[in-house]
Amino acid sequence: EEGLHATQYPWEHQKWTKTFDHAGLRRGFQVYQEVCAACHSLKRIPYRSLVGNIMTVDEAKALAEENEFDTEPNDEGEIEKRPGKLSDYLPAPYKNDEAARAANNGALPPDLSLIVKARHGGCNYIFSLLTGYPEEPPAGAQVQSGLNFNPYFPGTGIAMARVLYDGLVEYEDKTPATSSQMAKDVVEFLNWAAEPEMDERKKMGMKVLIISAALFAISGWVKRYKWAAVK
Ligand code: HEM
């Protein structure tokens with residue numbers, strides 16, 4: 001069964017002349033860390049990739065050091081704990097899928113690294129999903145116990161409950177943390193996570209366009225110059 005079709009939103013970062021808003025990415029990462037990371041991993045993202053996009057190198061190092069990672073086995077085969085480094089990947093909330101399901105009524109919270117690309121509707125779908133939980137399921141809707149009604153989720157019964165409520169996080173830049181603001185920020189952040197090369201691609205495209213236009217103009221001038229003597 002199809003879910004309700006997501007509304008099309010005019011995402012700034014998707015326009016071909018625009019890049020990601022880094023203040024927005026920073027807020028979105030904060031939402032991921034403080035809300036989503038309790039259940040969802042982001043396992044393709046190393047701390048180093050946050051540097052320059054979302055935080056400074058010192059902030060990323062300090063964040064990595066907040067977590068412990070396993071060392072390589074030593075000569076006796078023992079594995080120890082060491083503080084995280086920039087080259088480590090963001091830690092997952094659960095040891096494995098079994099533990100994740102056990103904590104979520106049997107449902108598996110998917111890894112969010114590529115979710116924007118993986119789900120039909122991308123940013124529009126995830127924004128609609130996060131902000132689309134009604135107070136009450138509509139009259140006559142069948143909702144299995146342990147599931148939550150969300151019209152955007154295919155099948156409409158989703159194991160994830162509503163997570164975003166106004167004022168849930170406190171943004172350091174003082175942006176009011178409404179549910180929709182947090183949803184917008186975390187979706188833009190997740191789009192960055194899935195396509196970190198998007199800005200470079202657009203900048204390269206712009207250079208190609210400018211240089212091609214210049215070469216075309218020069219070739220037009222050369223042609224007129226060369227043919228000027230011919231009537
Ligand atoms: C599923 C996003 C927070 C538990 C999902 C899906 C997305 C998502 C995109 C996939 C829906 C689909 O399959 O189409 C987020 C975001 C969060 C967040 C952006 C933070 C703002 C949480 C939290 C929990 C959670 C805090 C646990 C308390 C789950 C579970 C599923 C899920 C169990 C699987 C649902 C199912 O298959 O029925 N989430 N989530 N999520 N999420 Fe979250």
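In what follows, residues are counted from 1 in the order of the sequence shown. In listed order, ligands and their atoms are each counted from 1. Given the structure is predicted, the values throughout are model-derived calculations rather than measurements. Because only heavy atoms are used, hydrogens play no part in the values below, and waters and symmetry mates are left out as well, while side chains stay in.
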Pairs satisfying side-chain hydrogen bond (donor to acceptor under 3.5 Å, both in side chains), at least one member in residues 120-148, at least two apart: Trp11-Asn124
Going by chain and residue number, what protein N/O/S atoms come nearer than 2.8 Å to atom 43 (Fe) of ligand 1? His40 NE2, Met160 SD
Steps toward side-chain contact (heavy atoms from CB on, under 4.5 Å) verdict (Asp199, Trp192): CA-CA 9 Å; Asp199 284 357; Trp192 169 82; 5.9 Å; no
Tell me: protein heavy atom nearest atom 12 (C) of ligand 1, and distance? Arg119 NE, 3.1 Å
Protein contact to atom 9 (C) of ligand 1 [nearest heavy atom, distance to 0.1 Å]: Ile115 CG1, 3.9 Å
Below 4.0 angstrom, N of the basic side chain to O of the carboxylate: do Lys184 and Glu12 qualify? no
Report yes or no: do Asp58 and Thr56 form a side-chain donor-acceptor pair below 3.5 Å? no
Supply the atom-to-atom distance Asn53 CG to Arg48 CZ, rounded to the nearest 0.5 angstrom. 12.0 Å
Nearest neighbour of atom 11 (C) of ligand 1 from the list Leu129, Val35, Asn148, Val186, on a heavy-atom basis: Leu129
Closest to atom 36 (C) of ligand 1 by heavy-atom distance, out of Ala159, Gly146, Gly121, is Ala159
Between Pro93 and Ala37, which heavy-atom pair has the shortest distance, and what is it? CB-O, 3.3 Å
Given that the side chain starts at C-beta and the backbone is N, CA, C, O, which of these parts of Phe153 lies under 4.0 Å from ligand 1, counting heavy atoms, or is it both or neither? side chain
Is Asn104 touching ligand 1 with its side chain, its backbone, both, or neither, if touching means heavy atoms under 4.0 Å apart? side chain
State the atoms of ligand 1, each with its element, that fall below the 4.0 Å cut-off from a heavy-atom position in [X].
X	answer
Tyr125	11 (C), 12 (C), 14 (O)
Leu108	34 (C)
Leu130	16 (C), 19 (C)

Sole residue of Gln33, Gln181, Met182 in side-chain contact (heavy atoms from CB on, under 4.5 Å) with Val169: Met182
Would Lys117 and Glu195 count as a salt bridge (charged side-chain N to carboxylate O under 4.0 Å, His left out) if you check the C-alpha gap in whole Å, the side-chain angles of each, and the deciding distance to 0.1 Å? CA-CA 8 Å; Lys117 304 251 78 181; Glu195 293 181 283; 3.3 Å; yes
Tyr165 ring centre to Arg162 NZ or CZ under 6.0 Å, with the angle to the axis within 45°? yes
4.5 Å side-chain heavy-atom contact, Pro134 and Phe149: yes
